[in-house]
Amino acid sequence: QVRLVESGGGLVQAGDALRVSCEASGNIFNIPVMGWYRQAPGKLRELVATITSGGDTNCADSVKGRVTISRDNAKRVVYLEMNSLKPEDTAVYYCYVRAKLHLMSGLTDYWGQGTQVTVSS
């Protein structure tokens with residue numbers, strides 16, 4: 001199975017920066033996509049950013065220009081650096097990976113437990 005361990009959430013003030021990270025472990029063949037989603041109270045889970053193993057990134061318009069997503073393929077870690085944080089960025093941030101467990105297996109999505117990011121005004 002795949003285990004995702006997130007770290008780096010917390011309470012910050014508006015305008016601050018924060019980095020969250022997520023390490024994937026388990027019997028994994030490869031991880032074509034890693035990323036972050038978030039869910040604010042009363043709202044649906046939404047994309048923040050994703051990154052492929054080749055380094056191609058995709059980012060939500062709401063955070064474009066304020067976030068940088070990166071990954072260390074050897075360590076199976078994905079990072080999300082957020083700058084100029086706003087109160088509306090307050091949410092539980094979920095790590096996401098799309099992984100292949102074996103050479104002949106298909107792709108499966110996995111989610112972390114989530115890490116709370118709270119931005120005070």
Side-chain angles (χ1 to χ4, degrees):
Q1 264 293 6
V2 175
R3 182 172 181 233
L4 301 177
V5 178
E6 299 142 327
S7 60
L11 173 64
V12 297
Q13 294 188 334
D16 284 354
L18 187 71
R19 187 175 85 159
V20 291
S21 61
C22 172
E23 181 178 7
S25 62
N27 191 11
I28 304 169
F29 180 72
N30 66 8
I31 308 177
V33 183
M34 304 183 84
W36 292 90
Y37 283 69
R38 68 184 182 185
Q39 187 167 17
K43 295 189 176 182
L44 297 174
R45 190 173 298 188
E46 64 176 7
L47 168 74
V48 179
T50 58
I51 183 168
T52 68
S53 55
D56 294 326
T57 61
N58 181 38
C59 184
D61 289 341
S62 59
V63 299
K64 199 162 288 184
R66 298 191 296 120
V67 303
T68 301
I69 188 168
S70 60
R71 64 186 280 178
D72 184 325
N73 290 327
K75 295 181 179 179
R76 294 175 173 169
V77 177
V78 60
Y79 305 97
L80 182 72
E81 296 186 39
M82 300 179 285
N83 301 301
S84 303
L85 283 162
K86 306 174 182 179
E88 50 263 44
D89 293 317
T90 295
V92 177
Y93 283 70
Y94 293 93
C95 178
Y96 158 81
V97 302
R98 176 161 289 177
K100 192 178 181 71
L101 301 187
H102 308 288
L103 176 62
M104 301 306 292
S105 68
L107 296 168
T108 304
D109 294 340
Y110 297 90
W111 296 90
Q113 295 290 327
T115 184
Q116 177 70 46
V117 172
T118 303
V119 185
S120 65
S121 57

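FYI, the numbering just counts along the sequence from 1.
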For this session: Give the C-alpha distance, both sets of side-chain angles, the deciding distance and a yes or no for side-chain contact (heavy atoms from CB on, under 4.5 Å) between Val33 and Tyr96.
Result: CA-CA 8 Å; Val33 183; Tyr96 158 81; 4.0 Å; yes
Problem set entry | Worked check of side-chain contact (heavy atoms from CB on, under 4.5 Å) between Val63 and Arg38 | CA-CA 11 Å; Val63 299; Arg38 68 184 182 185; 3.8 Å; yes
For this session: Evaluate the criterion side-chain contact (heavy atoms from CB on, under 4.5 Å) for residue pair Met34 and Val77; output intermediate values, then yes/no.
Result: CA-CA 8 Å; Met34 304 183 84; Val77 177; 5.9 Å; no
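- A salt bridge is defined here as a Lys NZ or Arg NE, NH1 or NH2 lying under 4.0 Å from an Asp or Glu carboxylate O, and Lys86 with Asp89 fails to meet this definition.
- Trp36 is listed as a side-chain neighbour of Cys95, based on a closest heavy-atom distance under 4.5 Å.
- Between the side chain of Asn30 and the backbone N or O of Pro32, no donor-acceptor pair lies under 3.5 Å.
- The hydrophobic clustering, which links ILVMFWY residues whose side-chain heavy atoms are closer than 4.5 Å, places Leu85 and Val92 apart.
- The heavy-atom pair separating Gly9 from Val117 by the smallest distance is CA-CG2, 4.1 Å.
- Using modelled atom types, no side-chain atom of Arg45 and backbone atom of Tyr94 make a donor-acceptor pair closer than 3.5 Å.
- Thr50 contributes atom OG1, which lies 10.0 Å from atom CZ of Arg71 (distance to the nearest 0.5 angstrom).
- Going from atom CG of Asn83 over to atom OG1 of Thr68 covers 6.5 Å, rounded to the nearest 0.5 Å.
- Atom OG of Ser53 sits about 12.5 Å away from atom CZ of Arg98, to the nearest 0.5 Å.
- Arg76 and Glu23 are not joined by a salt bridge, as no carboxylate oxygen comes within less than 4.0 angstrom of a charged side-chain nitrogen.
- The hydrophobic clustering, which links ILVMFWY residues whose side-chain heavy atoms are closer than 4.5 Å, places Trp111 and Leu47 together.
- Gly8 and Leu18 make their closest contact through O-CD1, 3.4 Å (heavy atoms, listed as atom of the first residue, atom of the second, distance).
- When the side chains of ILVMFWY residues are joined at heavy-atom separations under 4.5 Å, either directly or via intervening members, Tyr79 and Ile69 end up in two distinct hydrophobic clusters.
- For the residue pair Gly112 and Leu4, the shortest heavy atom distance occurs at N-CD1, 3.5 Å.
- At least one donor-acceptor pair under 3.5 Å links the side chain of Arg66 to the backbone N or O of Ser84.
- The side chain to side chain donor-acceptor pair (under 3.5 Å) contacts involving residues 5-17 comprise Ser7-Ser21, where partners must be two or more places apart or lie in separate chains.
- Taking CG of Leu11 as the start and CD of Gln116 as the end, the distance is 9.5 Å to the nearest 0.5 Å.
- Shown here is Lys64, whose NZ atom has more than 12 heavy atoms of other residues, nucleotides or ligands within 6.0 Å.
- Across Val48 and Tyr37, no two heavy atoms sit closer than the pair CG2-C, 3.8 Å.
- Taking both residues in full, the closest heavy atoms of Leu101 and Tyr110 are given as CD1-OH, 3.3 Å, listed atom of the first, atom of the second, then distance.
- Nearest heavy atom pair, residue Ile31 against residue Ala24, reads CD1-CB, 3.9 Å.
- In Glu88, the CD atom is crowded: over 12 heavy atoms of neighbouring residues, nucleotides or ligands sit closer than 6.0 Å.
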